[in-house]
Amino acid sequence: MGGHRPGWLNGTLAWATVIYLILPITIILPVSLTDQRFLSLPYERLSAQHYVTLLTTPAWTNAILQSAWIATASTLLAVVLGTLCAIGCWRLSRRSTDLVRALMLLPIIIPTITYAVGLYRYFARLGLLDSFTGVVIAHGVTGIPYVVITVSTALAAFDPRLESAARGMGASLGQTLRWVILPRIMPGIVSGAIFAFIHSWDELVVVLFIASRRVFTLPRKIWDGINENLDPAMAAVAVLLVGMTVLLLLMDLALRRRRTG
Amino acid sequence: MSAVAGHALSLQRVSKRYGDFVAVQDASLEVASGQFLTLLGPSGSGKTTILMMIAGFVEPTEGRVLLDGRDITALPPERRDFGMVFQGYALFPHMTVAENVAFPLRVRKLGRAERDAKVRAALDLVQLDRFAERKPSQLSGGQQQRVALARALVFDPALLLLDEPLSALDKKLRAELQEELKALHRRVGRTFINVTHDQEEALSLSDEIAILNHGHLIQVGAPETLYERPATRFVADFLGKSNFIEGEAEADAGGFVLRRGAARVVASGAPRAGRTLLSLRPEKIALLPEGATEDNVVEGRIASWSYVGTGYALTVMTPDLGNIRVHLPAWRIPVSPAEGLPVRLGWARDAAVAVAEDPGSPVPGGVA
Ligand SMILES: Nc1ncnc2c1ncn2[C@@H]1O[C@H](COP(=O)(O)OP(=O)(O)OP(=O)(O)O)[C@@H](O)[C@H]1O
Ligand SMILES: [Mg+2]
């Protein structure tokens, strides 16, 4: 690539920003390895004891499993609904479908807390409060925008003549969808799924509102832990959360790389 | 391939309007079974629109489409069973060549063995058997085009629709594939409907050419007929090049004579009178050597000339008939051309044909 080299001011600023963004995450790592029994940096040596606690305490493993389940189920929900919505809008492609697409983005435009309050009232009436299903639905619906965005982007790059070609050769709508459209937009769907999963995996605000005793996701467990006692296991959980997210993002990056490369 | 003949297709007074813009106006067309028909016209003349109405992707505003006498106007494209090569091929990029070609068979739920055999036969037909496992992106333009052809032919459609299948190729490759297309048509004996704006392609491939302009079907006929007997000024100008001479006609013994100022041009054909437009092909005019004579002789001076490989293209300025374009093979030119050189032009009385002016203005609704 041509273009100017960034000046030193630019470079410094950029690095400062990066450090500012990453520092809180990097602090978590040493803290999680502390040899003390409270939140602190390691005094004498590094210790994995808190990771051991994490993986042997039923309360923590339970939370990890719950989070994983909820994230998986809500991702499935978001992917199916988001993909169908994006394809529907794309096929009709009228002015009204732009509106539908904009509506589908609402969950990430509206402040989460507003959304959570609304959900709380709504779910109370439906008896979905503090239920697994309730959280899955809430996370699934708020995950839809990510899928709609990535799938719509993939569809914008889809050559509509391929659909015509398939139909011209006698393919039904279902066959065209299965054999031509879905394989072409699969990278977009996978990207959307990854973002929807991450979204559910570290979502806290909605869970705080609609869960009480039965549903304990990982972020909620950390939250409660911070309020009750300063157990360094929380730092270990945080590392786990961040690690999972980074892993998924890298996966997305690798997929994109493979697609363009 | 089996011995089933191709479909016969007919368009009956078909029109297509978008709002008040007329893309195709009152087109009627008969395509006989096994024929190679080309829709020829400039960009925006409605060729793709007509092809898409035949394929079923565009619904006519008026008129009917008949297949072997059966009305198929309302039949959706996936139930018409036509083979189709799209402008730009529209190969599936995520499938290999073999999978692309197998697609229509997969749709028709053919058994594995039969499918493989047919795919192999189709790839053999277009000489691409060695490329079966490649992705379309790993093929050259000409190879992709042949994959598109194989895919359109593999399920043995009785009608094949081709939308500018060769337009993306360079001149030499295009000529090669034209040959292949023609040979293919002879081998499979199906009905082919081809779209192009390349007049040479139309002339060399087709049994029949339909000429379109501004959504109007101007003239349909065999290539020789269209070239030798163009019906209108547009046809004469679009298919090959032409000089136009306008004047007052009156009947004479061998046909008619056209007067323009002091000049007299004799022409054969049905006697006619009144205002007449003559089309005269540049290659039908000779440079007369000293002492030679012809039915028509006009004197002038060479205004410009260029060497075009197959011969010379001259523009001759004549006092009576204005600029006349002449195209001569090098061996038929008795002088070495130079600007300002006086020459005598001659042509036989059956060289020029009377053509009609085109139906005045473009289609109402406005065309750029
Ligand atoms: N969906 C549409 N809406 C409005 N106008 C259209 C539509 N499709 C085609 N047209 C118009 O109809 C006219 C004929 O289009 P068509 O695609 O048939 O041209 P063509 O002869 O195939 O041209 P080309 O050689 O450039 O492919 C054009 O003026 C085009 O702008
Ligand atoms: Mg076209």
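No hydrogens, no waters, no symmetry mates; every other heavy atom, side chains included, goes into these values. Proteins get letters first, then strands, A, B, ... in listed order; numbering begins at 1 in each.
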Q. Can you name the closest pair of heavy atoms from A:L162 and B:L91 and give their distance?
A. CD2-O, 3.2 Å
**Q.** Option in B:G88, B:P76, B:A148, B:G83 with maximal non-hydrogen atom pairs under 4.5 Å from chain A
**A.** B:G88
(Q) Less than 4.5 Å to any heavy atom of chain A: does that hold for the side chain of B:F103, its backbone, both, or neither? (A) side chain
**Q.** For chain B, which residues of residues 168-182 of chain A have heavy atoms nearer than 4.5 angstrom
**A.** A:G168, A:M169, A:G170, A:A171, A:Q175, A:W179, A:V180
Distance-only donor-acceptor hits, side chain of residues 64-73 of chain A, under 3.5 Å, sequence neighbours excluded:
unit_1 : atom_1 : unit_2 : atom_2 : d
A:Q66  : OE1    : A:F216 : N      : 2.8
A:Q66  : NE2    : A:R214 : O      : 3.4
A:S67  : OG     : A:L218 : N      : 2.9
A:T72  : OG1    : A:A68  : O      : 2.7

Quick one: side chains of residues 82-91 of chain A, donor-acceptor pairs under 3.5 Å with protein atoms, not counting sequence neighbours, listed by atom name and distance.
unit_1 : atom_1 : unit_2 : atom_2 : d
A:T83  : OG1    : A:V79  : O      : 2.6
A:R91  : NH1    : A:E163 : OE2    : 2.2

Q. What option among B:E99, B:R80, B:M95, B:R108 has the most heavy-atom pairs under 4.5 Å with chain A?
A. B:R108
Q.
Counting heavy-atom pairs closer than 4.5 Å to chain A, which one of B:P157, B:G56, B:P93, B:P77 comes out on top?
A. B:P93
**Q.** Pairs satisfying ring pair (Phe, Tyr, Trp, His ring centres under 6.0 Å), at least one member in residues 123-167 of chain B, at least two apart
**A.** none
Q: Calculate, to the nearest 0.5 Å, the distance between atoms CZ and OH belonging to A:R161 and B:Y89 respectively.
A: 10.5 Å
Q | Interchain contact, B:L161 with chain A, by part (heavy-atom threshold 4.5 Å) | A | neither
Q.
Between B:M84, B:H94, B:R79, who has the most heavy-atom pairs with chain A when the cutoff is under 4.5 Å?
A. B:H94
Q) Got a sec: does the CD of B:Q138 have more than 12 other heavy atoms crowding it under 6.0 Å? A) yes
